[in-house]
Structure formats: structure tokens, C-alpha cells
**Student:** 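Got a structure here, written out as C-alpha cells. Questions coming.
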Amino acid sequence: MQRDDALLRAYFEHAPEDIALEDIDLGRMPCHVSIIMDGNGRWAQARGLDRSQGHVAGVDSLRETVTTSVRLGVDALSVYAFSTENWKRPKREVDLLMHLFATTLVKELPLFHQENVRLKFLGDLESLPKKTFDVFKQGLDETADHTGMTFALAVNYGSRSEITRAARLIAKDVEEGRLSASQVDESVLESRLYTAGLPDPELLIRTSGELRLSNYLLWQLAYTEFYVTDKLWPDFDRWEYLRAIRAFQGRNRRFGGVVSS
Ligand code: FPP
């Protein structure tokens with residue numbers, strides 16, 4: 001992905017003491033960064049605010065994260081915004097989140113145009129409220145020709161149901177004669193996942209210190225490096241992002257092989 005050097009340096013001016021752009025090898029950026037954004041509720045509660053205020057604050061972190069990814073030249077950014085299990089939250093919170101997704105997307109469309117970002121959605125969008133669905137569809141259509149970073153939003157996403165759906169689609173193709181059972185391999189399954197066309201994430205970041213995958217990208221994270229930070233999502237900023245990349249670049253990725261010298 002192309003990077004604008006002048007913009008990049010200006011964006012990372014005024015670095016804190018422990019991390020700076022110079023600590024990063026720009027030639028070895030992860031091509032796909034994925035994030036489990038966690039801790040909005042705790043961030044709000046710690047300030048005596050309603051949980052919804054944490055989600056609203058989380059939008060600012062997400063905007064900064066999209067911009068940071070573009071500045072660094074990451075090819076794809078995906079974020080877990082709403083899981084299939086999140087419907088169990090109080091109706092008021094679910095309604096607020098659905099409203100926030102729709103309004104944020106409309107508000108941020110100019111940013112996606114300006115930064116040439118292509119939108120993608122992971123998850124079952126059919127059961128979303130109509131307004132949210134319509135705005136998502138508009139975002140998809142309006143950014144389809146963009147050639148810069150892909151920004152994938154996981155909404156009503158669950159990895160087990162994604163894999164089950166892929167298996168069902170394959171079974172149907174076999175049943176109807178478009179595919180034979182012996183042709184079914186990893187690439188056939190991958191092509192039926194919501195993430196079809198995206199490279200697997202090279203780096204997964206989870207905020208708020210939780211050490212769980214929470215039914216997120218179980219197939220795609222097979223060889224991904226994990227970075228867990230105690231920061232709550234509304235406190236996640238470009239510097240914490242750089243710390244994650246620095247940690248990633250310090251790892252020795254073996255993909256099941258032996259240590260490279
Ligand atoms: C997890 O925090 C966060 C979410 C379930 C929602 C993520 C939503 C946003 C960051 C808002 C902006 C997103 C878009 C796409 C506009 P939590 O509520 O689980 O926090 P807790 O673990 O402290 O309760």
C-alpha cells in the first residue's frame with residue numbers, strides 16, 4: 001500500500017518517551033491488522049458515565065485507528081464491532097449501538113472517500129435494523145471502487161456461525177452438482193467465509209487485557225500474532241498502535257516451521 005511520507009511524519013510528531021515512528025520498520029508492516037475493541041463499558045463506568053458514553057468515545061478511537069492504518073500503509077484493517085452474542089445485551093444498549101453504527105458510517109463516509117478506503121462487512125447483515133442495513137449498503141456501494149486500504153467491520157459476526165454457513169454453502173454446491181466432495185479444500189472453504197478476498201490477519205490486537213478470542217475469526221487467526229494491551233478501547237491511540245506493531249516486528253514468525261536464522 002502506498003504511503004505518504006510527509007503526512008506520516010507529521011502524524012507521528014510529538015511522540016511519547018517510550019515509542020516513536022523510528023522504532024518501526026516501515027518495510028515490514030503487517031498487511032492485515034485486526035482488532036477486538038473491548039472495554040468501552042468499563043471506560044465509561046470508571047468515569048461515572050453510562051456505558052453508551054463509552055461506545056461514543058470508542059468511535060473517536062476507531063477513527064484514529066483507521067487514519068493510523070492508512071498513514072502506516074496497512075493493506076487491511078478489520079474490527080470486531082458487534083458479535084452474534086451481543087444481542088443478549090440490554091435492548092437499550094443494542095439499539096444505541098445499531099444507531100451509532102449507522103450515524104457514524106454516514107458521518108465518516110467523507111473520510112473513507114478522502115483516504116480511498118474500501119468498506120467491507122463481516123457478518124450476517126440481513127437481521128440488522130433496516131436503517132443500519134441501508135447505511136451499510138450505501139457505504140459498500142459508495143466505496144466499492146476505492147483502491148486503498150480495506151476497512152472491514154464485523155457486525156453481527158460470530159466465527160462458528162461463519163464456518164457453519166460456509167459448510168452449508170459448500171454442501172449446497174455439492175448437492176446441486178457444482179462441486180464434487182473431493183474438490184473441497186481449504187481454499188474452497190475460505191472463499192465462502194465473510195473474509196473472502198482478504199489476507200489472514202498478521203496481527204490481532206485486543207484491548208482491555210482480556211485473553212480470549214470471543215468467537216472471532218477462529219479460522220483466519222491460525223498463524224496470527226496476538227498483542228493484548230490493558231488499555232481500554234477509548235484510550236487506544238496511534239502510540240499504542242505503534243507499540244503493537246513494534247511488538248509484532250519483534251516476534252519470530254515460524255508458521256509451524258523451525259527458527260529462521
Ligand atoms: C466492547 O466494549 C465494544 C463493543 C461491543 C462495541 C464496539 C463499538 C464501538 C467501538 C463503537 C464504534 C463502532 C463503530 C463501528 C461505529 P464493551 O461494551 O464490551 O466493554 P466492557 O467489556 O468494558 O463492558
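Both ligands and their constituent atoms are indexed starting at 1 by order of listing.
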**Student:** What about Arg89: any of its N or O atoms under 3.5 Å from an N or O on ligand 1?
**Tutor:**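 In this structure, Arg89 places an N or O atom under 3.5 Å from an N or O of ligand 1.
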**Student:** Please state which protein non-hydrogen atom is closest to atom 11 (C) of ligand 1 and give its distance, to 0.1 Å?
**Tutor:**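 For this ligand atom, the closest protein heavy atom is His55 O, 3.5 Å.
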**Student:** Regarding atom 3 (C) of ligand 1: of the candidates Met37, Gln45, Glu108, which has the closest heavy atom?
**Tutor:**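 The residue whose heavy atom sits nearest atom 3 (C) of ligand 1 is Met37.
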**Student:** Is Arg165 paired with Asp124 through a side-chain N to carboxylate O contact shorter than 4.0 Å?
**Tutor:**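 Judged by the 4.0 Å cut-off on N to carboxylate O distance, Asp124 and Arg165 do not form a salt bridge.
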**Student:** I'd like to know if the side chain of Asn86 reaches the main chain of Ser83, judged simply by a donor and an acceptor atom lying under 3.5 Å from each other, with no hydrogens or angles considered.
**Tutor:**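 It does hold such a pair.
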**Student:** For ligand 1, is there an N or O atom under 3.5 Å from any N or O atom of Asn40?
**Tutor:**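 So ligand 1 has an N or O lying under 3.5 Å from an N or O of Asn40.
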**Student:** Any N or O on Phe101 sitting closer than 3.5 Å to an N or O of ligand 1?
**Tutor:**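 Checking ligand 1 against Phe101, no N or O pair falls under 3.5 Å apart.
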**Student:** Touching ligand 1 at all, Ser208? Heavy atoms, strictly under 4.0 Å?
**Tutor:**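 It does not, in that no heavy atom of Ser208 comes within the 4.0 Å cut-off of ligand 1.
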**Student:** Indicate whether the side chain of Asn116 and that of Thr147 have a donor and an acceptor atom separated by less than 3.5 Å.
**Tutor:**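 Checked: Asn116/Thr147 side chains pair up, N/O donor to acceptor below 3.5 Å.
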**Student:** Atoms of ligand 1 less than 4.0 Å from Arg42 heavy atoms?
**Tutor:**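 Contacts of ligand 1 toward Arg42, numbered from 1: 21 (P), 22 (O), 23 (O).
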**Student:** Pull out every atom of ligand 1 sitting under 4.0 Å from any heavy atom of Val59, numbered as shown with elements.
**Tutor:**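 In order of numbering, the contacting atoms are 12 (C).
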**Student:** Say whether Arg118 and Thr143, considering side chains only, have a donor N or O and an acceptor N or O under 3.5 Å apart.
**Tutor:**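 Not at all, the side chains of Arg118 and Thr143 share no donor-acceptor pair under 3.5 Å.
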